[in-house]
K.L.:
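Below you'll find the structure I mean.
Order of the sequence lines fixes the chain letters, A, B, ..., with proteins taken first and strands second; residue numbering starts at 1 for each chain.
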Amino acid sequence: MNEEVKYSPHDIERKWQNEWFDNNVFHTVMNRQRPEYYVLEMFPYPSGNLHMGHVRNYSIGDVVARFKTMQGFNVLHPMGWDAFGMPAENAAIKNGIHPAKWTWENIKNMRRQQKELGLSYDWEREVATCHPDYYKWTQWMFLLFFERGLAYKKKATVNWCNDCNTVLANEQVIDGRCWRCDSEVVKKDLEQWFFKITDYAERLLQDLDELKGWPDRVKIMQENWIGRSEGAEFSFDVPDVNEKIPVYTTRQDTVFGVTYVVLAPEHPLVEKLIAGKSTAQPVRDFIERVKKQSEINRTSNEAEKEGMFTGAYAVNPFNNERVPIWIANYVLYDYGTGAVMGVPAHDERDWQFATKYQLEKRFVIKPHDAKHDIQSMNEAYDGPGIMMNSGEFSGMDNEKGKQEIVQWLEDNGIGKRRINYRLRDWLISRQRYWGAPIPIVYCPNCGTVPVPDQDLPVMLPENVDFAAGSVSPLAQVEEFVNCTCPKCGGQARRETDTMDTFICSSWYYMRYTDPRNADKAFDSNKVNYWMPVDQYIGGIEHAILHLLYSRFFTKVLKDANLLNVNEPFKNLLTQGMVIKDGAKMSKSKGNVVSPEEIVGRYGADTARLFILFAAPPERDLEWSDQGVEGSFRFLGRLWRIVTHFNQYIDGHLNDYDPTVLSKEEKDLRRILHATIKKVTDDISQRFNFNTAISAIMELVNYLYAFKELNLVPNSALMKEVIAGLLRLLAPFVPHITEELWNQAIGQGSVHNQSWPAYDQEAIKVDEVEVVVQINGKVREKIILPVGIDAKEMEQAALGLEKVQALISGKQIVRVICVPQKIVNIVVK
RNA sequence: GCGGGAGUGGCGGAAUUGGCAGACGCACCAGACUUAGGAUCUGGCGGGUGACCGUGGGGGUUCAAGUCCCUUCUCCCGCACCA
């Protein structure tokens, strides 16, 4: 036995990586001869080091990329850097390193780590969002949005993070806290730039239906976030001050149950309503108190509903009844009209509020089933029913009533149908340095002026004080701020805020299709050839943020005829987290396993194999050091068995006649082809890499059993088997398979081979094992020819000695025969 | 509260269409080889050790249920006063 050469991953991994990357073998160009396939992993923030989550993300993507390549697709598989953002600036403040230097050094290190994992990226397409050649086009995108009326500036109450010293978009506030640093978000009134994502709310919602390849979970989250509702808007008159209070409701069928009207404390009408009244000062005090409440306290469901009577009255246009006007903390100023009609009998919140302040509850919907007795109800009834005490609408089904009432509103010019969304416009200004400057100039004569295309990019200045506090550091750089107006040439000032980094990441997948274009963001032919991304892979944490923004961008760019796809990501795989000891890996928990260390000890192939084998991709993966050992052991086992059979492989992989093989050889060949079928199905149909790998392990186990037979095997068969095995494993463990391919087969690279096809004939068997059950319990097993009919199966089963013994003296009620599977004899 | 997902050996996980529950791997046990083994190879490995029990619990449909139906418990994730 010649096993003197041991599996030593480091030598062979380095060797093949040099071979691949020096020769650019993963470079892709447009090619209409082959079907295209775009596989993409979410590009990382260059924090400095890869973590296990990255390794998992990229390993999954690499299997898909290599598999599709072997299947004959022209595969685009790029990588780049989401390189603007806070940590670089924090490092600058803390350690005095310039954000650019810090970022580029991190990129260099992480790129090296990625190469050491053997990932098949086309490095010629690498992009970094902080590079002027990239952010030039990010700025160009901003101007495109501006021209189309989708970027605007307004003063608004916005989310402010005191730790990050910047504003945040709604999507970036999680439970009232900053998505990045977890500190509590406060409200500030500031003039800021917004993207009008609300213009696209309906399409963003509707087109979720197109996304058949997305997890339902993500689609539901986006649906909820967009939050569409249908209802009516109409006004309550306030005759005393000659004003109107518009309200929005989805329950216009309950308007006759209104017993009060409530405004949000921020509502601008409040001051007019209370002016000169004895309630004025208490109401003002109350408003101050509510405003001081944190977002977290105020929006919590647990929070006590609090309110105060303004002293003013409004008139219900349906019955001309005067109802009191209140203000309350549970009414949100920035949803609907900032005012609601109070119907305690049919709304849970109103019920609580009315109970607390002893306001009238008037029932106007009678439930269909009599078991709800309106008189003795102790909670609001918000179900369906028949309208009552509702004037001309009484007796109507409430769903019909909704339509009739909104029609009545429109016919009488009092109100109208309204569709409302929870989605807010995207606040994109950031008071930070390390981002793409917003390309706008403020001129005393011309006003807000966009920087002309030929002046892009607006470059970030280098010498900046990063710890500027609550204004953008750029505002302190005189050379940056002072400029000439592009329109009139006069003295002007630049916008000093930078853009939310989510803008940079909203179009990077398009730039990959044409990454070095100096004249355009991308060429239409190229972007249309590659887009949409066929398979996108990343963490669930971007279910709303990045994935919603990217969908929005794609639609705007489509409307601008820059590309012809409606949705950017055809299929989405949300990978699970890598956890250890039951918790997400984190420095604070001290359960971090460094990829660099694992690759250093076992090699990249082992790291990849373990991470792909330990769990299916969508599920969380529990890290196990012993599991890694097991993966390493398997690769050693693979190495030895291939090296062993290598001696029998000789000559070329020519066609041969499988019918001349011995029974043992035929069995081996059958297992090979069954494995090919299983692995192909597992990868292509459902990304179940763990079961694909286990099938390959079984094949290897079988090869060991075959070896034990001590036969001198057919040379062509052994070549077929080893070549098949290595090709099946190549997407998972690219280095060891390349090395063994080189040693055993020796023609070209395993990664240039086509994916193995299975031979139907080889998989066929003459006989199968059939389970014989009596009353559903397994009693015996029997080998039967494949083609026999139910009658013959039954006879064979009944003829068995053991079966005879068990059924003797009993009556056979029924016999169920499932071909090639089971015979169940029912007796009594 | 609403929405989504999950619950299977000591552990990670299989079971794709209702048809042998526990593939594959880890851990563990035994044997072989060996001066030695934490290497490697071979075998065993749900519980009880009789023919019975077993996929969170209870009920149902079926010849047959991890899988379908009803009910219930637990955990995880998302949303959370949106009128």
K.L.:
Need the glycosidic conformation of B/G9: syn if within 90° of 0, anti if not. Which one?
P.N.:
syn
K.L.:
What nucleic acid atoms does A/Lys802 come within less than 4.0 Å of, heavy atoms only: base, sugar-phosphate, or nothing?
P.N.:
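Nothing, no nucleic acid heavy atom in range.
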K.L.:
Counting distance alone, no hydrogens or angles: does the base of B/U40 have a donor or acceptor under 3.5 Å from a partner atom on the side chain of A/Lys6?
P.N.:
no
K.L.:
Distance check: side-chain N/O of A/Ser229 vs OP1/OP2 of B/A83, anything under 4.0 Å?
P.N.:
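Yes.
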K.L.:
Starting at CD of A/Glu698 and ending at C1' of B/A15, how long is that distance when rounded to a whole Å?
P.N.:
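After rounding, the reported distance stands at 12 Å.
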K.L.:
Below the 4.0 Å mark, does B/A14 have OP1 or OP2 next to a side-chain nitrogen or oxygen of A/Asn690?
P.N.:
yes
K.L.:
In whole Å, what separates the C1' atom of B/A51 from that of B/G56?
P.N.:
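The same atom, C1', in both gives a distance of 29 Å.
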K.L.:
Strictly below 4.0 Å: does A/Arg686 bring a side-chain N or O up to OP1 or OP2 of B/A14?
P.N.:
no
K.L.:
Taking for each residue the nucleotide of RNA chain B with the nearest heavy atom, is it A/Gln685 or A/Leu621 whose nucleotide lies nearer the 5' end?
P.N.:
A/Leu621
K.L.:
Measuring only the C1' atom in each nucleotide, how far is B/C70 from B/A65? A whole number of Å is fine.
P.N.:
15 Å
K.L.:
Between A/Met577 (CE) and B/C77 (P), how many Å, whole number?
P.N.:
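So the two atoms are 8 Å apart, to the nearest Å.
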K.L.:
Mapping A/Tyr248 and A/Ile220 onto RNA chain B by nearest heavy atom, which one lands closer to the 5' end?
P.N.:
A/Ile220
K.L.:
Would you say a side-chain N or O of A/Arg418 is under 4.0 Å from OP1 or OP2 of B/A83?
P.N.:
no
K.L.:
Across the strands shown, which category fits A/Tyr704 at heavy-atom distances under 4.0 angstrom: base, sugar-phosphate, nothing?
P.N.:
sugar-phosphate
K.L.:
Is the Lys NZ or Arg CZ of A/Lys305 less than 6.0 Å from the centre of A/Tyr330's six-membered ring, within 45° of the axis?
P.N.:
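Cation-pi check for A/Lys305 and A/Tyr330: passes.
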K.L.:
Between the side chains of A/Lys678 and A/Asp681, is the shortest nitrogen-to-carboxylate-oxygen separation below 4.0 Å, so that they form an ion pair?
P.N.:
no
K.L.:
Quote, to the nearest angstrom, the C1' distance that separates B/C53 from B/C2.
P.N.:
40 Å
K.L.:
Using the C1' atom as the point on both nucleotides, what is the distance between B/A64 and B/G25, in whole Å?
P.N.:
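Looking at atom C1' only, B/G25 and B/A64 are 31 Å apart.
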K.L.:
Base, sugar-phosphate, or nothing: which does A/Asp682 touch, judged by heavy atoms less than 4.0 Å apart?
P.N.:
base
K.L.:
Counting only heavy atoms from other residues, nucleotides and ligands, does the tally under 6.0 Å from CZ of A/Arg217 exceed 12?
P.N.:
no
K.L.:
Say we look at B/A80 and B/C75: how far apart would their P atoms be, to the nearest angstrom?
P.N.:
22 Å
K.L.:
Taking OP1 and OP2 of B/U62, is either one under 4.0 Å from a side-chain nitrogen or oxygen of A/Asn824?
P.N.:
no
K.L.:
Can you check whether A/Arg633 has a side-chain N or O nearer than 4.0 Å to OP1 or OP2 of B/C26?
P.N.:
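Affirmative; the distance criterion is met.
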K.L.:
Hey, could you give me the CD1/OG1 distance between A/Ile696 and A/Thr691, rounded to the nearest 0.5 Å?
P.N.:
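Output value for this atom pair is 10.0 Å.
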K.L.:
Is there side-chain contact between A/Ile405 and A/Val255, with heavy atoms separated by less than 4.5 Å?
P.N.:
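A side-chain contact under 4.5 Å exists here.
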K.L.:
Taking atom P in both B/C52 and B/C33, what distance in whole Å separates the two?
P.N.:
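About 42 Å, rounded to a whole number of Å.
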K.L.:
Taking 4.0 Å as the cut-off, does a side-chain nitrogen or oxygen of A/Lys777 come that near to OP1 or OP2 on B/C53?
P.N.:
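Answer is yes, contact under 4.0 Å.
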K.L.:
Just to be sure I understand the rule, does A/Ile816 reach a base, reach only the sugar-phosphate, or reach nothing, if contact means heavy atoms closer than 4.0 Å?
P.N.:
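Result for A/Ile816 = base.
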K.L.:
Quick one: does A/Asn224 reach the base of B/C79 with a side-chain donor-acceptor pair under 3.5 Å?
P.N.:
no
K.L.:
Is the shortest distance from a Lys or Arg side-chain nitrogen in A/Glu306 or A/Lys356 to a carboxylate oxygen in the other one below 4.0 Å?
P.N.:
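Looking at A/Glu306 and A/Lys356, the cut-off is not met.
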K.L.:
Between A/Arg640 and B/C41, is there a side-chain N or O to OP1/OP2 distance below 4.0 Å?
P.N.:
yes
K.L.:
Reckon A/Arg217 has a side-chain N or O less than 4.0 Å from the OP1 or OP2 of B/A6?
P.N.:
no
K.L.:
What integer number of Å spans the P atoms of B/C26 and B/A32?
P.N.:
22 Å
K.L.:
Touch check for A/Glu769, heavy atoms < 4.0 angstrom, all strands: base, sugar-phosphate only, or nothing?
P.N.:
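Base contact.
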K.L.:
Would you say the side chain of A/Glu622 and the base of B/C11 hold a donor-acceptor pair, judged only by whether the two atoms sit under 3.5 Å apart?
P.N.:
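It does not, because no donor-acceptor pair links the side chain of A/Glu622 to the base of B/C11 below 3.5 Å.
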K.L.:
So, does the side chain of A/Lys781 form a donor-acceptor pair with the base of B/C20 at under 3.5 Å?
P.N.:
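Indeed there is one.
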K.L.:
Between B/C41 and A/Arg637, is there an OP1 or OP2 to side-chain N/O distance shorter than 4.0 Å?
P.N.:
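Answer is yes, contact under 4.0 Å.
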